[in-house]
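Everything on this sheet refers to the single structure shown next.
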Protein chains: 2
Amino acid sequence: MYLEYYAGIDVGGTNLKFGVFSGEGNLIEKWSVPTDFGNGGKNMWQQIHREIARHLSVKALKGIGIGIPGPVLENGYVEVCVNLNLRNFNPVTILRTYFSDAGDIKIAAANDANVAALGEQWKGSGQGYRSIGMVTLGTGVGGAVIIDGKLRYGANGLAGEIGHIRLNPEETELCTCGGRGCVDQIASATGIVRYAEKKLKDNNGNSILRTKGCLTAKTVIDAAKQGDRIAEDIVRYCMKYLAKALAAVVYVADPEAFIIGGGVSEAGDYLIKILQEQFEPYITLSGNRPPILKASLGNLAGIYGAARLVLN
Amino acid sequence: MYLEYYAGIDVGGTNLKFGVFSGEGNLIEKWSVPTDFGNGGKNMWQQIHREIARHLSVKALKGIGIGIPGPVLENGYVEVCVNLNLRNFNPVTILRTYFSDAGDIKIAAANDANVAALGEQWKGSGQGYRSIGMVTLGTGVGGAVIIDGKLRYGANGLAGEIGHIRLNPEETELCTCGGRGCVDQIASATGIVRYAEKKLKDNNGNSILRTKGCLTAKTVIDAAKQGDRIAEDIVRYCMKYLAKALAAVVYVADPEAFIIGGGVSEAGDYLIKILQEQFEPYITLSGNRPPILKASLGNLAGIYGAARLVLN
């Protein structure tokens, strides 16, 4: 029997993460390299081929799955990817050209939060659930929906873009998407810091946060965990908007469970508990509420899920 | 060849609507009777059997589909149906008992807005679309999502309950669902009238509406169509919330098209145009926007869709 391998690639604004999996779905090797943005994207595709070829015989490769930080259609087409500064491209057809030496292999692409959701469903907190709402709390708020066992892309690649539900009519600044009042602007790491700075300015109560030089979402959440009242209010306020967004997801797709991933979710049970408390009262049409679970694969979810796109 | 028939039943708070369909999906006969609520629901089930038996030989029946005004699980279970004042029942198992004389037939149930969506996809405005967001604007705001060709029920029967997305943080009154700030409270016929009454009280500008004895959603929309400024503001305000809800549906399920049905949608192109204008700016992550279409089956959508549950 010949050995068969599958590659999962997670394209990020900073790093390219790679995972090589066996046909049985075991992670054999993983590594990452800084993303090379040069030459209008060409360097990155060359880099991907070079990195994989450096770790295994391309002839043994049976499939490549890739996660892209932006909306992706089911056929792979990407209209715009702000983080990579690329427009109108299809990673599936591009990779097929770069990997012509690999023969007729499976290639598939999806949004980065979508692959994280697939990864968590396959090997993480989502095991056993057929329908999942995933939220990644990082620099922005990403999201994904898996409904009845299948990752949903949507007609224009927007399914699961939970971060851009508009819930804050009082917002005065623009979101990176060009909209205003998105959940992304308040529940992301950036949003938490921005709201914290505003709250500290509008208020002259005592807070450990005033002694910190440069605020991060982690400093704010850590202060809240230690009982700092202003920090607690900030976390509760930001999570209220995420809770409203989760309720909107229930009233559209009604998943069996939510999974919260991304850097901010490292705050763990404390954050999940606040989110759960704020979420529950919004669900009034049923006595049942989906559990809100912390993601368990950390930043490996992307390579697992990307591989899962081509590995059943 | 024996003739085979399928029944589609649309259970409403006022009437039971019936349709008998051929195996080819043609509507052969339709009628309606006032719903008999007596005897803890028993009268209604008897009524359904009696009405169908009055129109055809139950032996020729191959399937019964039923639409229920409340959340329904995929197996038919209904936790609570406020309009019928019934709890914890399963129309599928109940109908199986009442139609034991029909032999082993297909029986299925779904929410009333869900069956309307199926009906519109099968024989109405939704033909040719595999993914649809449906909204019914009546006494309340109902909704449904069909994703990748399949009606989605959700884990707790809440998929597509678009009317209960919370979008108005300034709302002071409770929604029928027990929540506060639901789209239902502002974009339903009831919501439009309520907001119009408030707006006329808070404002002393001229308006034809002041000459009307009893306001209805139709009076308000008709006045807006005739250029009454206050009425225009009211319709625009109420539709803004529905537009926000549709944008939330895009950022969760991203359907190919929206279909607007229910009594209020009879206002036609005028209302659809206002909704479309308000909706478009909310979609920022893609240049494409799903069309918003008026439902075309009117109040027959329910019997068509109910039959479609059991007729492929």
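Quick caveat, the model's predicted, so the values are computed rather than measured. Sequence lines set the chain letters: A, B, ... in the order given, protein chains first and strands last, and positions in each chain run from 1.
- Heavy atoms of A/Pro71 lying under 4.5 Å from chain B belong exclusively to its side chain.
- Residue contact with chain B, scored on non-hydrogen atoms closer than 4.5 Å, is absent for A/Ser131.
- Here A/Phe279 pairs with A/Phe258 under the ring pair (Phe, Tyr, Trp, His ring centres under 6.0 Å) rule; sequence neighbours left out.
- Residues satisfying the ring pair (Phe, Tyr, Trp, His ring centres under 6.0 Å) test with A/Tyr195, not counting sequence neighbours, are A/Tyr237.
- One N or O on the side chain of B/Asn111 and one on the backbone of B/Gly70 form a donor-acceptor pair closer than 3.5 Å.
- Per-residue heavy-atom pair counts under 4.5 Å with chain B were compared for A/Ile283, A/Ile147, A/Asn288, and the maximum is reached by A/Asn288.
- Side-chain contact check for B/Asn88 and B/Tyr77: at least one donor-acceptor pair (N or O, by modelled atom type) lies under 3.5 Å.
- Salt bridge status for B/Arg236 with B/Glu232: absent, with no side-chain N to carboxylate O gap under 4.0 Å.
- Only the side chain of A/Glu79 comes within less than 4.5 Å of a heavy atom of chain B; its backbone N, CA, C and O stay farther away.
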Please tabulate, for the side chains in residues 242-251 of chain B, all donor-acceptor contacts under 3.5 angstrom to protein atoms that are two or more places apart in sequence or on a different chain.
unit_1: B/Tyr251; atom_1: OH; unit_2: B/Tyr282; atom_2: O; d: 3.3
unit_1: B/Tyr251; atom_1: OH; unit_2: B/Thr284; atom_2: N; d: 3.1
unit_1: B/Tyr251; atom_1: OH; unit_2: B/Thr284; atom_2: OG1; d: 3.4

Could you go step by step and tell me if A/Val78 and A/Leu86 meet the side-chain contact (heavy atoms from CB on, under 4.5 Å) rule?
CA-CA 9 Å; A/Val78 180; A/Leu86 292 176; over 6 Å; no
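- Under a 4.0 Å N-O distance rule, the pair A/Arg308/A/Glu120 does not qualify as a salt bridge.
- The backbone N or O of B/Gly181 sits less than 3.5 Å from a side-chain atom of B/Gln185, completing a donor-acceptor pair.
- When heavy atoms are compared at a cutoff of 4.5 Å, A/Tyr129 does not approach chain B at all.
- Residues of residues 164-178 of chain B lying under 4.5 angstrom from chain A, judged on non-hydrogen atoms, are B/His164, B/Ile165, B/Arg166, B/Leu167, B/Pro169, B/Cys177, B/Gly178 in numerical order.
- With respect to chain B, the highest number of heavy-atom pairs below 4.5 Å among A/Arg180, A/Arg152, A/Lys150 belongs to A/Arg152.
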